[in-house]
Every structure is written in C-alpha cells, then in structure tokens.
*Asks:* 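Mind looking over this structure? Questions follow.
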Number of protein chains: 2
Amino acid sequence: MTRSATTQPQARAVHRRAALLDAAAALLAEGGSAAVSHRAVAQRAALPLAATTYYFASRDELIAEAFGRLVDHELAFMRETGLDDLMDGLAGRDRAQQLGLWELYLHAGREPGVLRTHARRWSEGCQAVVADLLGVPVHDPRAQLLYSAMCGVWLAYIVDGRPLDEVRQLLRLATEAATRPS
Amino acid sequence: MTRSATTQPQARAVHRRAALLDAAAALLAEGGSAAVSHRAVAQRAALPLAATTYYFASRDELIAEAFGRLVDHELAFMRETGLDDLMDGLAGRDRAQQLGLWELYLHAGREPGVLRTHARRWSEGCQAVVADLLGVPVHDPRAQLLYSAMCGVWLAYIVDGRPLDEVRQLLRLATEAATRPS
DNA sequence: AGTAAACTAGTACGCGCGTACCAGTTTTTG
DNA sequence: CAAAAACTGGTACGCGCGTACTAGTTTACT
C-alpha cells in the first residue's frame, strides 16, 4: 500500500516539471531564447522562482530541454500530417514558434553540447519525412536536396514574409526537380 | 583655409563611429547579438562607454547598423568571388560570422523595423548573385530554387557541421536541377 | 571674438538576471 | 517510528546591463 497508493507528491513534481518546460517552450516561441529566464518561466507556470532552479541545474539546461520538447512536437506534427500537402503543414504553424525553433537551431551551432544533438535530431527527422514523402531512402541525395530547398523556402516565408503563392510554387518546383530522374 | 585644412575632430568622430561598428560586428560574429552590449563594444573599440550612447541612440540601432555593415561586406564578397566555385566561397568564410548573420536574419523576422530591410537586402542580394551565376533573370524561379537549396545546404554545413564533400555534391546536384530545362 | 554646436569622458541609477541559501513541509525508506 | 530523502517557497547577493546626466573640451559658424 505504501507503494503506489497515492504517490501524490512525486506526481505533482512531475507535473510541475512539465509545466515549467511548457512555459519555457511558449516563451521561447514568443520572444526567442532571450525571453526564457528563470523568473519568466516560473511566473508563466504559476510557480515560485525557486522551482526552476530545483528542477533544472541551470538556465542552459532548461532551454536545451525545452528545445528538445519543441523538436519532438514539431517532428510528431510533421509525421502525422504526412506532408501530403507540404504547404498546409507549413502555413498552418505558428510563425513565432518556427522562429524560435530555427533560432535555437542556429544557437546550437555555437556549442557542441546537448543542443547540437537536438538540432541534428530535428534536421534528420525532417529529412526522413521528406524522404518518406519522396519514397526514397533516407540518405538519398534527392531527399537531401529537397529538404535543403524546403529549408530555404521555409525561412523565406517565415522571415521575409514571402507570399504563400510564391512559396507554394517554389516547393512544387523543388519536388519536381527532386523527383525527376537524374 | 578654415575650411578643409584640418577638419580633425569630425574626422576623428567619423573614425570612432566606424570603429564602434566594426567592434559590434566582430562581437556579433563571436557571440551573437547577445554579446553586443554597449560596454563590450566600447571596450573592444578602446573607447569610453559614453561614446556608444553618443553615436547610437540605442542598442537596437547599433545592432541594426552593424548588421547592415555585415550584409554589405558579405554581399561584396559574394559578388567579387563571382561564385564560380560556390563551395570555396562558402568554406573559406568565418563560420562564427555566418552564424551571426543568420541569427540576425532570423531576429529580423520578429520585428518589422530596419532589421527587416537589411534582411531582405541580403536575401535578395544573394539571389541576384545566384541568378547571375545561372545566367537567368533575378526573379526567375530557377534562381529562387537554387538559392533556397543553397540556404539549406549552407545551414547544414554551418550548424550541423556536415562534411564538405557531401555539401559540395549536394550543391552540384542543386545547380544541375536548376539548370536543367523544365 | 564670441556664441553655438559638436564632441569627450566619467559616473550614477535602477533593473532584471542567474544562482545560492535555508528554514519549512511532505513523502519515502529501513 | 525514526531517519533520510524529496520537495517547497521565500529571500538575498552580486553582476552586467541600457541609459541618463553633467561638466569639460574642442571645433564650426557669423
């Protein structure tokens, strides 16, 4: 009975940790990694400041884990939509969140730590989805090519605010180019 | 005589402003926009702290102008190397500086101010270079496509540290795909 | 020559930050 | 039941930051 009866406190702790990560991810999307501070996270999760330092050894760790969570969600989303229509998958997503994701991806380029792992996980996951869409093996150059083109188009859409029609057309073109036998 | 004799002080001021911008750009490359603080810039330029607030209304303005300068340099470099060999142009550049550039590009996506202008100037400048290389008009979809692919490959190289050989091959593939008549 | 404008440089204010600390409570363990 | 471990939450420290202020110096204009 003492066992699994009412493990209330630990359950609460797990919930709290998750709440902190959710808050961090949300802040990340809203204002980039600069917006993710202990205080901001705690306040958003409606928890005391000290909770953040208790559950995470440092701010970097908190950010890294939030990044990982964001990557998970993003990959899951991409897989489930199947990307039959790449564009709707792109256009429907929160622009700020995409920005945050990319920002962290770049940030990962500066330090070879955990962030780098998540970054690789993301890019390779995306590439796998694309390869699946194309019906070719994951490391097929055509998949890599299409994925690269998608990145460029994606960024142009998110940052430069390129019109959706142009993006749509470009993506179609890229798919054709990658599909066409060389 | 009073005229252009020894306009020393203004000349010094101009020089100082440039020195501050250079310092800011260098810091930007080293540690991202977070590393660009009034104090850090002043110290690096060997100038008193107050100089930064005198020549620039705010930190944002300083960063924006440094970004513009970085974009100028980058575009000039790309044009002068002609990109006969895209790869050597890519591989020879300072990785950290590229990261800083991209970081600011992303940051521009969050605010529609001056940063956005520079960001557009950069992406369109790059695209123009690519179009020139391909021998097609600037807004030709093929140029856009190749540029997009280049962005993706570029990022993979800078952030993920993808091997140069793979990048080289991918770029060749992209060029072929864009060149081939549709 | 003399007034206004440009420039220099030191210093101070207030704030938010990461993190450490610690006295409490609760839960698990032996 | 007692001791240990997990957890809570309030508070404090020290720091670097953006920016404002001010007194002094130099240069440009009439």
Side-chain angles (χ1 to χ4, degrees), chain A residues 1-21 23-24 27-28 30-67 104 107 110-111 113-115, chain B residues 1-21 23-24 27-28 30-67 104 107 110-111 113-115:
Chain A
M1 292 110 200
T2 59
R3 185 55 58 81
S4 62
T6 57
T7 47
Q8 216 185 55
Q10 279 200 351
R12 178 152 99 128
V14 168
H15 179 263
R16 281 191 157 197
R17 201 173 193 278
L20 287 173
L21 279 178
L27 286 166
L28 204 58
E30 283 174 17
S33 60
V36 182
S37 71
H38 284 143
R39 284 167 177 83
V41 170
Q43 186 163 25
R44 191 179 190 100
L47 292 176
L49 167 61
T52 60
T53 70
Y54 181 76
Y55 288 107
F56 301 93
S58 71
R59 179 179 173 261
D60 285 348
E61 188 183 301
L62 174 56
I63 288 184
E65 211 153 327
F67 181 42
L104 237 45
H107 189 65
R110 291 201 189 270
E111 34 188 318
V114 195
L115 241 55
Chain B
M1 290 107 200
T2 59
R3 185 58 56 81
S4 62
T6 57
T7 46
Q8 219 185 53
Q10 279 200 351
R12 177 152 101 126
V14 168
H15 179 263
R16 280 191 157 199
R17 201 175 193 277
L20 287 172
L21 279 179
L27 286 166
L28 205 57
E30 284 174 17
S33 59
V36 183
S37 71
H38 283 144
R39 283 167 178 84
V41 170
Q43 186 165 23
R44 190 178 191 103
L47 292 176
L49 166 62
T52 60
T53 70
Y54 181 76
Y55 288 108
F56 301 93
S58 71
R59 179 178 173 261
D60 285 348
E61 188 183 301
L62 173 57
I63 288 185
E65 211 153 327
F67 181 41
L104 237 44
H107 189 63
R110 291 200 188 269
E111 34 188 318
V114 195
L115 240 58

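It should be emphasised that the depicted structure is a prediction, and the values quoted were computed from it without experimental measurement.
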*Asks:* Distance check, rounded to the nearest 0.5 Å: A:Ser33 atom OG versus A:Asp60 atom CG?
*Replies:*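 Here the interatomic distance stands at 9.5 Å.
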
*Asks:* What distance separates A:Leu20 CG from A:His15 NE2, expressed to the nearest 0.5 Å?
*Replies:*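 It is 10.0 Å, given to the nearest 0.5 Å.
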
*Asks:* State the NE2-CG distance between B:His107 and B:Leu115, to the nearest 0.5 angstrom.
*Replies:*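 That separation rounds to 6.0 Å.
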
*Asks:* What is the separation between atom CG on B:Leu27 and atom P on D:dC17, rounded to the nearest whole Å?
*Replies:*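 The distance from CG of B:Leu27 to P of D:dC17 comes to 10 Å, rounded to the nearest Å.
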
*Asks:* Which pair of non-hydrogen atoms, one from A:Leu21 and one from A:Ala66, has the smallest distance, and what is that distance?
*Replies:*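 Scanning both residues completely, I find the closest heavy atoms to be CD2-N, 3.8 Å.
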
*Asks:* Does anything in residues 34-56 of chain A pair up under salt bridge (charged side-chain N to carboxylate O under 4.0 Å, His left out), and if so which pairs, sequence neighbours excluded?
*Replies:*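 Only A:Glu30-A:Arg44 qualify under salt bridge (charged side-chain N to carboxylate O under 4.0 Å, His left out).
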
*Asks:* To the nearest Å, how far apart are B:His15 NE2 and C:dC7 C1'?
*Replies:*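 Distance, rounded to whole Å: 16 Å.
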
*Asks:* Minimum heavy-atom separation for B:Ala19 to B:Ala45, with atom names?
*Replies:*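 Shortest heavy-atom separation between B:Ala19 and B:Ala45 comes out as O-CB, 4.0 Å.
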
*Asks:* Taking only residues two or more places apart in sequence or in another chain, which ones pass salt bridge (charged side-chain N to carboxylate O under 4.0 Å, His left out) with A:Arg59?
*Replies:*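 Partners of A:Arg59 under the salt bridge (charged side-chain N to carboxylate O under 4.0 Å, His left out) test: none.
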
*Asks:* Rounding to a whole Å, what distance do you find between B:Tyr54:OH and D:dA23:C1'?
*Replies:*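 Whole-Å distance recorded here is 15 Å.
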
*Asks:* So, is A:Tyr55 close to the D:dA6 phosphate, meaning a side-chain N or O under 4.0 Å from OP1 or OP2?
*Replies:*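 Checking A:Tyr55 against D:dA6: no side-chain N or O falls below 4.0 Å of OP1 or OP2.
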
*Asks:* Between the axis at one end of the helix from C:dA1-D:dT30 to C:dG30-D:dC1 and the axis at the other (five pairs apiece), what's the angle to 10 degrees?
*Replies:*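 The end-segment axes of the helix from C:dA1-D:dT30 to C:dG30-D:dC1 are tilted 10° relative to each other.
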
*Asks:* Rounded to whole angstrom units, what separation is found between the CD atom of B:Gln10 and the C1' atom of C:dT8?
*Replies:*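 Rounded to whole Å, this separation is 15 Å.
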
*Asks:* Which pairs of donor and acceptor atoms, one on a side chain in residues 48-56 of chain B, lie under 3.5 Å apart (sequence neighbours left out)?
*Replies:*
from    : atom 1 : to      : atom 2 : distance (Å)
B:Thr52 : OG1    : B:Leu49 : O      : 2.7
B:Thr53 : OG1    : B:Ala50 : O      : 3.0

*Asks:* C:dG10 P sits how many Å from B:Gln43 CD, rounded?
*Replies:*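 The distance from CD of B:Gln43 to P of C:dG10 comes to 13 Å, rounded to the nearest Å.
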
*Asks:* Is there any protein nitrogen or oxygen under 3.5 Å from a nitrogen or oxygen in nucleotides 9-12 of chain D, and what are the pairs?
*Replies:*
from  : atom 1 : to      : atom 2 : distance (Å)
D:dG9 : OP2    : A:Arg16 : NH1    : 2.9
D:dG9 : OP2    : A:Arg16 : NH2    : 2.5

*Asks:* So, is A:His38 close to the C:dT19 phosphate, meaning a side-chain N or O under 4.0 Å from OP1 or OP2?
*Replies:*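 For A:His38, the contact criterion (side-chain N or O under 4.0 Å from OP1 or OP2 of C:dT19) is met.
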
*Asks:* Nearest to the side chain of A:Ser37, which nucleotide is it out of D:dT19, C:dC17, C:dC7?
*Replies:*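 Among D:dT19, C:dC17, C:dC7, the one nearest the side chain of A:Ser37 is C:dC17.
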
*Asks:* By a strict heavy-atom criterion of less than 4.0 Å, which residues belonging to residues 56-64 of chain A are in contact with DNA chain C?
*Replies:*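 Here the set is A:Ser58, A:Arg59.
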
